[in-house]
Structure formats: C-alpha cells, structure tokens
Trainee: 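The structure is given below, and queries will be raised subsequently.
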Amino acid sequence: MLIKICGVTNPHIARLSAINGADYIGLLFSSVSPRQINLDTAIPVCRAARDAGAEVVGVFVDEDFDQIQNIIDVLDLKLIQLHSDKVRAVCNLFDPKLQIIYVLSQEIKMQPLPSNLDSQKDFLLFENCSPFEFNDSSIKSFRYFIAGGLGYDNVEDAISKYSPNGVDLSSRLESDLGVKDSQKVVKFIEKIRRTHGRFGQFGGRYVPELLMTPLLELENAYNTIGKTSLFRQELNNILKNYIGRPTALTEVANFAAAIYNNKSCSNISCGNTSNSSRMRILLKREDLLHTGAHKINNSLGQCLLAKKMGKSRVIAETGAGQHGVATATACAMFGLECVIYMGEVDMQRQAPNVTKMRLLGASVVSVTSGSRTLKDAVNEALRDWAETYDTTHYCLGSALGPHPFPSMVADFQYIIGEEAKQQFYSMVGTHPHAVIACVGGGSNAIGIFGAYLEGVEEAQVKLIGVEAYGHGSGLGNNAARFKEGSPGVLHGTYSYLLQTESRQVVETHSISAGLDYPAVGPQHAHLFVNGRVVYDAVTDDEALQAFLLLSKTEGIIPALESSHALGYLMSHIDDFPEDAVILVNLSGRGDKDLPSLSKELLTYV
C-alpha cells in the first residue's frame, strides 16, 4: 500500500513521514491553499524527504505551465500531481518521462483521459469519489490513490471497499489548519504499514509464489482467530497455569553494586559487592518460565493457532535450542507432530536442548548445509513448509521472516513488556531510566520494548538493544547487523543484514547460538532508523564476564543471549545517572550453555 502525505511544509515532518514509511511527500505551491510552500522552503523539505527514502510530489492547482516547469526543474521533480482543470489542460505538454498523478472527481468523470497518460508509469487519484463510478474502460488499467476525508479511524474501511494502490492524506493529520501533527502522522502511517506487514520501509513478504498460499492462510487465521477474545482467554489461561506467568521482577542489588563499585576493574575477580551505589537494576525473569526462556510465549500462541487451523504437524527452526524445546513442549501438550530443524554446529554446542527436544517427542533434523547454524535451519524449515503446508504449520521462533510472522510473534511476546511495565511501576513508582534487551532475531527485545513504544511518559524511557559483536569488527567476526550491516532481503523480509557489497549474505559468529544470525527483525530495523531504540553490540568476552558476574553475585545463571544485555550495562555503566533504575530482560537461563563453555569457564573459575 503506497502512502502519500500531502501538504507538508517543513523538513521535520517530511523526514518523520519518510522514515516511518511514507512513500511520497506532497508539496502544494498554490496560493489558494493554506498549505502553500514556496521554492526556498521546498528545497530543504525535498532534501529531508529524499534523504529518508521518500519521493517528492509537486502538487499543482492553478499554476500555468511555465511556473510548473520551473518548479520541476529547480526541485528536480520526477512526479507531479495535476489537481484542477487549468493544470490538467496542460498535461500533454510535459516530458513523457515525467510521472503524473492525475486527479479525478465527480465534476470531470465524463471527460476522457489525456492521451499522454501511461498506465505503466502514471497514477490516477480519486478525490471524494468512488473509482467504480467511472465508466471509461481505460481507467481500469491504471494504479490509483484514494483521497478525501481519510483518517486513522476510516482508512482501513476505505481500503477494504475500494482496493486502491495507495492512500493520500492531508487535513486529518493536522493539529491546526495547514499544520501537520507529528503524532497523528506517525500513528496513521504505522497503522497502514503494520496492517500490510510493514514497519516503515522494512518488512514485507518477499517469498516464492509457492509460499504465498500458506502465508495468506496464516494471516487470515491470525486475524480472524488469533485476535479474538476467546482465543486470548484460552491462551492466557495456558500461560498462567502451564508455564507460570506472570514471571517475577527481581532486583539484583549485589550485581549492581559489583559493577558500580568496580567500574575500573577489567575482571570479575575484583568484584566488590558492598552496596554504595544508588543505582538499581531489575531483571524481568523470563528464565523462570517452563522450558527456561521467553520462547514458550510465542510457541504456545502459534501452536494453539495451528491446532485451531486444523494442522496436525508443526515444524520449527532453532539456534540456541530454546525455541525448539518450547515448540516441542507445546506440540506435546496439544498432541501435534513436531519436527525441529537445527544446524549441526548448534546441535553440538546446545546438546542438552537436543536431548530435551527428543525426550519431548520431537524429531530433530541436523542441517549440514552452509554455516550449519540458525540461518541454514530457517532455509530448511521454509523448504519443508512449501511442500507440506496443507497439514503443517511453520512455527517461526523470532520476530522476523515474511508477514505476518514479525507482527504475530511480537504480539505473542508483548506480554513480557506488559507485565514488566506494571510490575516496575508498582515496585519503583516510576518508569525505568532505560530498558535493555539482547537482540538476535529480536523477539524478546520487541516483547519488552513494545510496552514503551507508545505514550508521552513512555517516550522518555531509553530503549537499548544489544547485538553480538563476537570477536570484534569485520564481516564474519560478529552478528552486529546495525553496526556493520546494511538493508537487504533475507528469509522473506526486508531488514538490516550482514552482507558483502555484492549482496552476498555472510556467515556470522557469536558465542551465543541464539544471536548467531545475519539478519534482524524488520521492526527493529525501523526502530533503528527512526532513532527510538539505541542499538549497540557486546563482544563474546564482555558477555562471558556478565554471565559469570551475575552467577557469582546473585545465584542466577543467565543465558549467553541475555548476558549480552548485562554485558552492555557493565561496559556502559558510566553512561547512566548514579541513581538510575534500569530494567533488563533476562530472556532465558544459562544451564543450556554450560557444556559449550567448559574451556572458557576454566579461564575464570
């Protein structure tokens, strides 16, 4: 769905609209409009829009041809919109390469289209009228926008009724006549984008035709079954009575004191836990869930949905093994056949979880292609699903992949942030100074961040996502997509990934199997671009230091994935106020990591 925000008059709104997913920014040059913009002001607006990835549309109402052509030349416009009889009359005079949005209304519905309009490049725009009222057969071959009175409350109904290629918004995104309201703009764009699988410019559904059928079936089931109150009541009952929600919020005063009092130390052996620090650190304890990690929230949601869809078989990919264990657990409870794809390398370093999956009745398939890690497991799972979707549901484990997976997984993980926000406020009486979570595909992070992405007070909370920096800089040495990656497509979604200049996906490295993946969920890519979340990366050694320090000072053994979030806090302690109260998502427990860490642990223990 194309989005055009019209009547923009300042660079801030142009950039904000573009980074949140607007395709076109419309500039009105007519003196009869309260949204008129002059050429001097238009130049920085064009720059802001284009720098953020949007195209600029010159919208003309009462200008003559020479005026329009001058504006086209000065602003280097590739697209114009003709909005009245006066400007429509000169349509045939423009360069044939120029793209045109030709406005139709009730008054001119009997007039033929200009001969130079090309349905392969140009658009029609129906303003306050229905596309179905026009009898000209040539109109049917054009892509078209709808406009007129559209807003947050009615745009979905209009899209459903008229099936346009794009929507054009202006007056209902304003706080005053001619003044765009930034919150209304963002809220509207996000509604359209998320409904259609987009987070700003990221997301989408880049898959072979063979996978479109199961994806559309899943999207329909998620919308018509998974969002109903009856489904949610059943799922919430399982989350409470089967896996132990809500999970605890635990203050770790010894850990806080150790990192605060020993900021100059380079090794945990100097750990001083005498509590002279006013800093407080609270952990959201997803490690206490049945199966030992947050993954079970999503697996139960998807497997319950699969059962209601009439599927008898569930497949999944896994890296650290936690999603595999969670899916095998859910399938055992629901009586579903379960097949887990896991890279050969990951099976070796996560052997305890392989044993658990098999004990739970799952078949674990070793993937020996490529890097033999999570990326390759996803490849094999998608191949299986393409061949067996009549009876099979693919339970994707993170907030990535083709639509609707990123939105659906984030939805099933939202309970983490929902609980944590309430618990934190009850315990502390305010919101956190910062919320920190590790980011592989990104499901635990988007789960806890989700509760802080809306609201005036919540906007003051700093959100920090921590990736795996492995051995350090250089492609192949880490899994730091935002630090060393670029936008591209992998496994059906457009996001940030680690790739060469020739767009070849590179192998990654992390001490943590769950973070060892070359791409990241599209919502995280959007939050990175719009600046709402700060993303950084932690090395293997920094994560291991945090793993050991929390174990030593609190008796809590964290997963290596979560240890990256703790490692960030340890290495950036000086970035926070002395009296900061910080929330960290402890996404899982670390007993699964102990066999693979024997050599590293001997260095410290």
Trainee: Under a 4.5 Å cut-off applied to non-hydrogen side-chain atoms, are S495 and L490 in contact?
Mentor: no
Trainee: Check the side chains of E484 and N478 for a donor-acceptor pair under 3.5 angstrom, ignoring hydrogens and angles.
Mentor: yes
Trainee: Do H509 and N477 have side-chain heavy atoms sitting under 4.5 Å apart?
Mentor: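 H509 does not reach N477 side chain to side chain.
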Trainee: Are P577 and H433 close enough that some pair of their side-chain heavy atoms sits under 4.5 Å apart?
Mentor: yes
Trainee: Is any NZ, NE, NH1 or NH2 atom of the basic residue among R349 and D593 found under 4.0 Å from an Asp or Glu carboxylate oxygen of the other?
Mentor: no
Trainee: Is there a donor-acceptor contact under 3.5 Å linking the side chains of T247 and K284?
Mentor: yes
Trainee: So, for S398 and S443, which heavy atoms are closest and what is the spacing to 0.1 Å?
Mentor: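 So the minimum-distance heavy-atom pair works out to OG-N, 3.4 Å.
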Trainee: Measure the spacing between CG of D346 and CG of L374 and express it to the nearest 0.5 Å.
Mentor: 7.0 Å
Trainee: If I take atom CG from residue L515 and atom SG from residue C438, how far apart are they, to the nearest 0.5 angstrom?
Mentor: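 The distance works out to 5.0 Å.
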Trainee: Any chance the side chains of Y260 and E578 put a donor and an acceptor closer than 3.5 Å?
Mentor: yes
Trainee: Considering only heavy atoms from C-beta outward, does the side chain of V581 approach that of V428 to under 4.5 Å?
Mentor: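 Of all side-chain heavy-atom pairs linking V428 with V581, at least one is under 4.5 Å.
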Trainee: Are L566 and V584 close enough that some pair of their side-chain heavy atoms sits under 4.5 Å apart?
Mentor: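 Yes, their side chains come closer than 4.5 Å.
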Trainee: Using side-chain heavy atoms (C-beta onward) and a distance below 4.5 Å, is Q302 in contact with F405?
Mentor: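 Yes, their side chains come closer than 4.5 Å.
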Trainee: Taking 4.0 angstrom as the limit, do E286 and R245 come out as a salt bridge?
Mentor: yes
Trainee: In terms of side-chain heavy atoms, does E561 have a donor or acceptor partner in S512 at a distance below 3.5 Å?
Mentor: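 Note: E561 and S512 side chains meet the donor-acceptor criterion.
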Trainee: Do L463 and V534 touch side chain to side chain, with heavy atoms closer than 4.5 Å?
Mentor: no
Trainee: Measuring from T388:OG1 to R313:CZ, what's the distance to the nearest 0.5 Å?
Mentor: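 So the gap between those two atoms works out to 4.5 Å.
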Trainee: Are K311 and E337 ion-paired here, with the side-chain N under 4.0 Å from a carboxylate O?
Mentor: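 No, this pair does not count.
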Trainee: What's the separation between atom CG in L300 and atom CD in E234, rounded to the nearest 0.5 Å?
Mentor: 11.0 Å
Trainee: Looking at CG of N241 and CD1 of I238, how far apart are the two atoms once the value is rounded to the nearest 0.5 Å?
Mentor: 9.5 Å
Trainee: Between R481 (side chain only) and A519 (backbone N and O only), is there a donor and an acceptor less than 3.5 Å apart?
Mentor: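 Pair found, side chain donor or acceptor close to backbone of A519.
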Trainee: Checking side-chain polar atoms at under 3.5 Å, does S426 have a donor or acceptor matched by the opposite partner on Q423?
Mentor: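 The answer is no; no qualifying pair exists.
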Trainee: To the nearest 0.5 Å, what is the distance between CG on L569 and CZ on F576?
Mentor: 5.5 Å
Trainee: Is the shortest heavy-atom distance from the side chain of D536 to the side chain of H572 under 4.5 Å?
Mentor: yes
Trainee: Classify the side-chain pair T508/D516 by whether it contains a donor and acceptor separated by less than 3.5 Å.
Mentor: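 Per modelled atom types, T508 and D516 side chains form a pair under 3.5 Å.
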Trainee: Determine, for R232 against D411, whether the closest basic-nitrogen to carboxylate-oxygen distance falls under 4.0 angstrom.
Mentor: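 Looking at R232 and D411, the cut-off is met.
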Trainee: Scan side-chain atoms only and decide if H526 and Q201 contain a donor-acceptor pair under the 3.5 Å cut-off.
Mentor: no
Trainee: Answer yes when R383 and E380 have at least one side-chain N-carboxylate O distance shorter than 4.0 Å, and no when they do not.
Mentor: yes
Trainee: Is it the case that E467 and H564 place a side-chain donor and acceptor less than 3.5 Å from each other?
Mentor: no
Trainee: Can we call the ring centroids of F424 and H431 under 6.0 Å apart?
Mentor: no
Trainee: Check whether the side chains of T329 and H290 place a donor and an acceptor atom closer than 3.5 Å, and report yes or no.
Mentor: no
Trainee: Taking the cut-offs as 6.0 angstrom to the six-membered ring centre and 45 degrees off its axis, would you call K308 and F231 a cation-pi pair?
Mentor: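 No, K308 and F231 do not form such a contact.
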Trainee: Could you tell me whether a side-chain N or O of T355 sits under 3.5 Å from a main-chain N or O of A351, the two making a donor and an acceptor?
Mentor: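 Flag set: sc T355 to bb A351 pair under 3.5 Å.
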